[in-house]
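Reviewing the structure listed below.
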Amino acid sequence: MADTNVVNVNVKEKQSSKRLILLIGAVAVVAVAVFLNTQNSSIFGFTGKLCNCRQAEKQKYIGMVEDCCCDYETVNKLNTEVLHPLLQDLVKTPFYRYFKVKLWCDCPFWPDDGMCRLRDCSVCECPESEFPEPFKKPLSKDNPVCQEGKPQAAVDRTVDTRAFTGWTVTDNPWTSDDETDNEEMTYVNLRLNPERYTGYIGPSARRIWDAIYSENCPRYTSEQSCQEEKLLYKLVSGLHSSITVHIASDYLLDEATNSWGQNLTLLYDRVLRYPDRVRNLYFTFLFVLRAVTKAENYLVEAEYETGNVIEDLKTKSLVKQIVSDPKTTAACPLPFDEAKLWKGQRGPELKQQIQKQFRNISAIMDCVGCEKCRLWGKLQILGLGTALKILFTVNGEDNLRHNLELQRNEVIALMNLLNRLSESVKFVHEMSPVAESIAGVGKTKPIHNRT
């Protein structure tokens, strides 16, 4: 009996020792995991290479953005922490908030039926006394006045008699509007005319996008086309997604009470439920970002003169930060590699074909029945055309610095487009989980880039 008790005591002691060893081991594993997680969060910074299981569950899109040189995590981090805040400040400056545009144009393809339900479709044009004196050129003889119901905003009205310098007068070969022609053009304050829901829906609106996609940038399968032929479709699809995101983010929820807010159901139905539309949004953002960074020397040396010295110095500083931020250049030095295109025997032919198709798309903007939609359509198409001009019209960094010529209006459109895309990428990144939850979408696996 005594022997039995001794054996039982020994067994219990061994079991207690095992439990203690297991407990110590578990504590050590947890401590190491916490330490590594802390180190990872501070070490990796903007590399975008860290992708643990927890992050993979939260991030639906992981891996490299298709046909680009940056991954989704890096793009989201750079955009949120660096690019978006700088661009938001830039587009508020006097130089970047005024856009010269032809609003009254005859549609070259079909009669304009103007199917817009809301007076918010109308654009508030700037009285001549409002926009900066150095911007003044012979414009329309009509005296533009603000439309009824438009918000008022304080703008810089500093007048300076000095002539505007530092910008050439040149036409963009990628767009149909002649930027050197000032007839029938007017200045518009973009801050008074935000891109948002206007009620422009139905057959008229659908006809615009149908003409763009079916006649000018058909969707090719991977087997049917080369990268060049897919380029235009992806750019237009990305721009289309961005426009939809802005409509969903600033939507008229109740016309009777004039209540505005987010329409996350629309965001999911029109964009998020189609992964290629999200991919193309990121692609277009990186494409335009590459054009901006490639034109760094030109943009940094340009004159941003509006007559307000303090604001003009601020504008120049913001542009320099955007095009040469060290975090951006370190984490994503080459957002898109345009050198890979137009290499084959068909290269020159494909470039000419795509340029012609894009010019047709820019001409279709004159057929948009909603005036405010036409304004933002023209601005963003000119911005995209300017990106194409920077990346594909002049070859090589050295040649670019000496041969690139940009209109003031092209630069305004380019940077405003980058801001629009930046806003869309940020909104999609932040609101996707909520929108999918509202839509009743269950937990989904991360979507990797297709190769």
For this session: Inspect the surroundings of CZ in R270 and state if more than 12 heavy atoms from other residues, nucleotides or ligands are less than 6.0 Å away.
Result: no
For this session: Please round to the nearest 0.5 Å and tell me the distance separating atom NZ of K426 and atom CE of M431.
Result: 10.0 Å
Exercise. Can you check whether Y96's main-chain N or O pairs, donor with acceptor, with N416's side chain at less than 3.5 Å?
Worked result: yes
For this session: I would like to know whether V271 and F427 meet side-chain contact (heavy atoms from CB on, under 4.5 Å); could you show each step before the answer?
Result: CA-CA 12 Å; V271 179; F427 192 76; over 6 Å; no
Exercise. If you take all heavy atoms of V368 and R374, which pair is closest and at what distance?
Worked result: O-NH2, 2.8 Å
For this session: Side-chain contact test, heavy atoms from C-beta onward, threshold under 4.5 Å: evaluate it for V188 versus L379 and give yes or no.
Result: no
List, one per line, each side-chain donor-acceptor pair under 3.5 Å for residues 319-326, sequence neighbours excluded.
| unit_1 | atom_1 | unit_2 | atom_2 | d |
| --- | --- | --- | --- | --- |
| Q321 | NE2 | S317 | O | 3.4 |
| Q321 | NE2 | S317 | OG | 3.3 |
| S324 | OG | K320 | O | 2.5 |
| D325 | OD2 | K327 | N | 2.9 |
| D325 | OD2 | T328 | N | 3.2 |

Exercise. Can you name the closest pair of heavy atoms from A211 and I364 and give their distance?
Worked result: CB-CD1, 3.9 Å
Exercise. Is S237 reaching over with its side chain to a backbone N or O of Y233, donor-acceptor style, under 3.5 angstrom?
Worked result: no
Problem set entry | Under the disulfide (SG to SG under 2.5 Å) test, residues paired with C68 that sit two or more places apart | none
Problem set entry | Gap separating the CG atom of L86 from the CG atom of N79, nearest 0.5 angstrom | 10.5 Å
Problem set entry | Gap between atom CD of E338 and atom CG of L231 - 0.5 Å precision | 11.0 Å
Problem set entry | Test item: Y98 and I412 side chains (from C-beta on) under 4.5 Å apart, heavy atoms | no
Problem set entry | Value rounded to 0.5 Å, distance of CG in L334 from CG in L286 | 10.0 Å
Exercise. Listed by chain and number, what are the side-chain hydrogen bond (donor to acceptor under 3.5 Å, both in side chains) partners of K314, not counting sequence neighbours?
Worked result: none
For this session: Answer yes or no: is there a side-chain heavy-atom contact under 4.5 Å between L382 and F99?
Result: yes
Exercise. Under the 3.5 angstrom rule, does the side chain of K372 hit a backbone N or O of T198 as a donor-acceptor pair?
Worked result: no
Problem set entry | Candidate pair L239 and L417, rule side-chain contact (heavy atoms from CB on, under 4.5 Å), full reasoning | CA-CA 9 Å; L239 179 59; L417 170 62; 4.0 Å; yes
Problem set entry | Side-chain donor/acceptor of Q380 to backbone N/O of W376, under 3.5 Å | yes
Seminar exercise, completed: The residue among V278, L267, D250, L272 that forms side-chain contact (heavy atoms from CB on, under 4.5 Å) with V245 is L267
Problem set entry | Heavy-atom side-chain contact between F95 and R408 under 4.5 Å | yes
For this session: Report yes or no: does N419 contribute a side-chain atom to a donor-acceptor pair with the main-chain N or O of M415 at less than 3.5 Å?
Result: no
Exercise. Using 4.0 Å as the upper bound for N to carboxylate O, is an ion pair formed by E73 and K77?
Worked result: no
Exercise. When rounded to the nearest 0.5 angstrom, what distance separates NE2 in H246 from CG in L421?
Worked result: 8.0 Å
Exercise. Are any non-hydrogen side-chain atoms of T315 and L90 less than 4.5 angstrom apart?
Worked result: yes
For this session: Return the set of residues passing ring-ring contact (aromatic ring centres under 6.0 Å, His included) with Y251 (not counting sequence neighbours), or none when no residue passes.
Result: Y197
Exercise. Looking at R420 and E423, does any basic side-chain N land under 4.0 Å from a carboxylate oxygen?
Worked result: yes
For this session: Grab the two heavy atoms, one from G383 and one from L414, that are nearest each other, plus how far apart they are.
Result: O-CD1, 3.6 Å
For this session: Return the set of residues passing ring-ring contact (aromatic ring centres under 6.0 Å, His included) with W174 (not counting sequence neighbours), or none when no residue passes.
Result: none
Exercise. Hey, does L384 have a side-chain heavy atom less than 4.5 Å from the side chain of V288?
Worked result: yes
Seminar exercise, completed: Nearest heavy-atom approach of Y304 to L299 is OH-O, 2.7 Å
Exercise. Checking R97 side chain against V91 main chain: does a donor-acceptor pair fall under 3.5 Å?
Worked result: no
For this session: Run the numbers on Q262 and L253 for side-chain contact (heavy atoms from CB on, under 4.5 Å), then give the verdict.
Result: CA-CA 8 Å; Q262 298 173 350; L253 302 176; over 6 Å; no
For this session: State, with a plain yes or no, whether a side-chain heavy atom of D269 is found less than 4.5 Å away from one of R273.
Result: yes
Seminar exercise, completed: For H240, the ring-ring contact (aromatic ring centres under 6.0 Å, His included) test, sequence neighbours excluded, returns W209, Y213
Exercise. Do N76 and Y282 meet the criterion of a side-chain donor-acceptor pair at a distance under 3.5 Å?
Worked result: yes
Exercise. If you take all heavy atoms of L87 and S422, which pair is closest and at what distance?
Worked result: CD1-CB, 3.8 Å
Exercise. To the nearest 0.5 Å, how far apart are CD1 in I390 and NZ in K294?
Worked result: 9.0 Å
For this session: Under the side-chain contact (heavy atoms from CB on, under 4.5 Å) rule, what do V75 and F285 come out as? Steps first, then yes or no, please.
Result: CA-CA 9 Å; V75 172; F285 175 59; 3.8 Å; yes
Problem set entry | Student check: side-chain heavy atoms of Q355 and F392 closer than 4.5 Å | no
For this session: Could you pull out the closest heavy-atom pair between E195 and I243, with the gap in Å?
Result: OE2-CG1, 3.4 Å
Problem set entry | Side-chain donor or acceptor of S241 paired with backbone N/O of R277 under 3.5 Å | yes
Problem set entry | Main-chain N/O of R279 paired to K234 side chain as donor or acceptor, under 3.5 Å | no
Problem set entry | No-hydrogen, no-angle side-chain donor-acceptor test under 3.5 Å, S424 and S242 | yes
